[in-house]
Structures are given as C-alpha cells and as structure tokens.
Amino acid sequence: MLNFRLLHMSALMSANWKALDRQQLETTTQSEWLRELHSMTDRLKCCCVTLDVNVLGLHQCEVNVLTESERSLLGNEACFVREVLLSGDNMPWLYARTLVPMSTLTEQEEDIVYLGAVPLGQRVFSRTNARRDEIEVATVVIEGKTLLARRSRLWANNKPMLVSELFLPQAPIYHGNC
Ligand code: VNL
C-alpha cells in the first residue's frame with residue numbers, strides 16, 4: 001500500500017494541470033465525469049453497491065511544501081492533507097488527495113479532520129453553502145497506463161480546500177457502463 005500511495009501521490013503532485021476547457025478528452029462521458037460540480041461520491045455511488053473509503057494518510061504540511069499553484073488556489077497557509085483510496089464493489093476506483101488549509105478547519109468544518117471512512121464529498125455537499133470551482137484536468141502515466149486526473153477547489157461556508165482525484169484503470173469514467 002505504501003508503494004501504491006507514493007506512486008499515485010507523486011503522479012498527482014507532478015501533474016501538468018490545465019483548465020478543463022482546454023483539455024482534449026476522448027469521450028463526452030469522460031468530460032461529463034470531470035465536469036461534475038456536485039459530489040463525485042454520489043456519482044460513484046450510482047455505479048456500485050458499496051463504495052468504500054480507505055484512509056491512506058492524514059498529516060499536516062507546512063506552507064513551503066505547497067506548489068505555487070496550490071498556494072494561489074488556497075492562500076499561503078499550512079494545510080491538513082487527507083489521502084484516500086475509494087473502491088466501488090471492491091475495485092480500486094479513485095485515489096484522492098485533499099489539501100485543507102488550517103483556517104478552513106474552524107467552526108462547523110472542524111470535523112473534517114475526523115471524517116475517517118465518511119467520504120469528504122458526502123460531508124461537504126450534505127450542508128448548505130457547498131460549491132466547486134477551478135476545475136482542472138491532467139493525464140498521468142502510471143505503470144504504462146494513461147490515467148485521467150482532476151483537481152478542483154471545494155468551498156464549505158466560503159472556506160476553500162483543494163481536491164485532487166486520480167481515476168484508476170477500473171473506474172467507471174473509462175468504461176462508459178454507468
Ligand atoms: C474524498 C475525496 C472522497 C475526493 C471523494 O469522492 C473524492 C475523500 C468520494 O477524501 O473522502 O472525490
């Protein structure tokens with residue numbers, strides 16, 4: 001699991017993000033998935049019986065390890081990092097890494113640190129004042145396979161977080177069967 005995590009995390013961290021509209025996508029199904037403004041959790045849940053969240057990492061990072069684009073999307077702040085693997089009916093579908101600035105983890109949002117196996121999207125979109133913007137897309141090559149990745153900013157009560165999602169080979173985004 002450590003290798004899996006390092007491989008996918010470094011792929012996301014070195015991805016060449018481009019605004020969604022400027023990225024050529026193979027199918028409209030793929031672009032519909034990537035354009036999702038609401039909860040990716042809900043979309044994935046429609047494609048399986050059980051959606052499991054496996055927390056791979058939870059730690060803090062200092063502002064100096066954020067990239068320039070991360071800082072411009074979130075502000076200059078230390079963050080809490082949550083990494084998860086999402087599986088639909090026991091198939092690995094999505095690796096996600098979320099940066100949550102410390103100032104987002106206040107008041108109603110304090111619980112985000114303690115979500116555990118509750119999907120972040122489910123938590124954020126079950127409350128009012130949730131929205132997503134700044135959707136960007138990248139392709140990354142992992143073990144010879146070209147995979148789609150998306151980065152977007154989520155807002156909860158006007159406080160930002162940055163979600164990066166890597167769609168693994170078995171994810172429904174590639175199979176058009178959902
Ligand atoms: C999480 C992050 C869940 C990104 C997601 O979808 C996602 C999480 C279910 O950290 O729980 O797209």
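In each ligand, atom 1 is the first atom listed, and ligand 1 is the first ligand listed.
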Inset, instruction - State plainly whether one hydrophobic cluster holds both Leu105 and Leu74, where clusters connect Ile, Leu, Val, Met, Phe, Trp and Tyr through side-chain heavy atoms under 4.5 angstrom apart. - result: no
Legend entry - Contact (N/O only, under 3.5 Å) between Leu120 and ligand 1: yes
Legend entry - Polar contact flag for Thr98 and ligand 1 (N/O pairs, less than 3.5 Å): no
Inset, instruction - Using a 4.0 Å heavy-atom threshold (strictly under), name the region of Leu94 that reaches ligand 1: side chain, backbone, both or neither. - result: side chain
Tell me: protein heavy atom nearest [atom], and distance?
atom: atom 3 (C) of ligand 1; value: Leu86 CD1, 3.6 Å
atom: atom 7 (C) of ligand 1; value: Glu165 OE2, 3.3 Å
atom: atom 10 (O) of ligand 1; value: Arg82 NE, 2.7 Å

Less than 4.5 Å apart, any side-chain heavy atom of [X] and any of [Y]?
X: Leu168; Y: Leu86; value: no
X: Ile112; Y: Leu120; value: yes
X: Glu107; Y: Asn157; value: no

Atoms in ligand 1 with a heavy atom of [X] nearer than 4.0 Å:
X: Val163; result: 4 (C)
X: Thr41; result: 6 (O), 9 (C)
X: Ala96; result: 2 (C), 4 (C)
X: Met40; result: 12 (O)
X: Val84; result: 1 (C), 8 (C), 10 (O)

Inset, instruction - To the nearest 0.5 Å, tell me how far Cys79 SG sits from Leu66 CG. - result: 5.0 Å
Legend entry - Other residues, nucleotides, ligands: >12 heavy atoms within 6.0 Å of Asn3 CG: no
Legend entry - Option from Lys18, Glu134, Arg97, Glu136 for which side chain to side chain contact (heavy atoms under 4.5 Å, CB included) with Arg151 holds: Glu136
Legend entry - Gamma sulfurs of Cys178 and Cys47 within less than 2.5 Å: yes
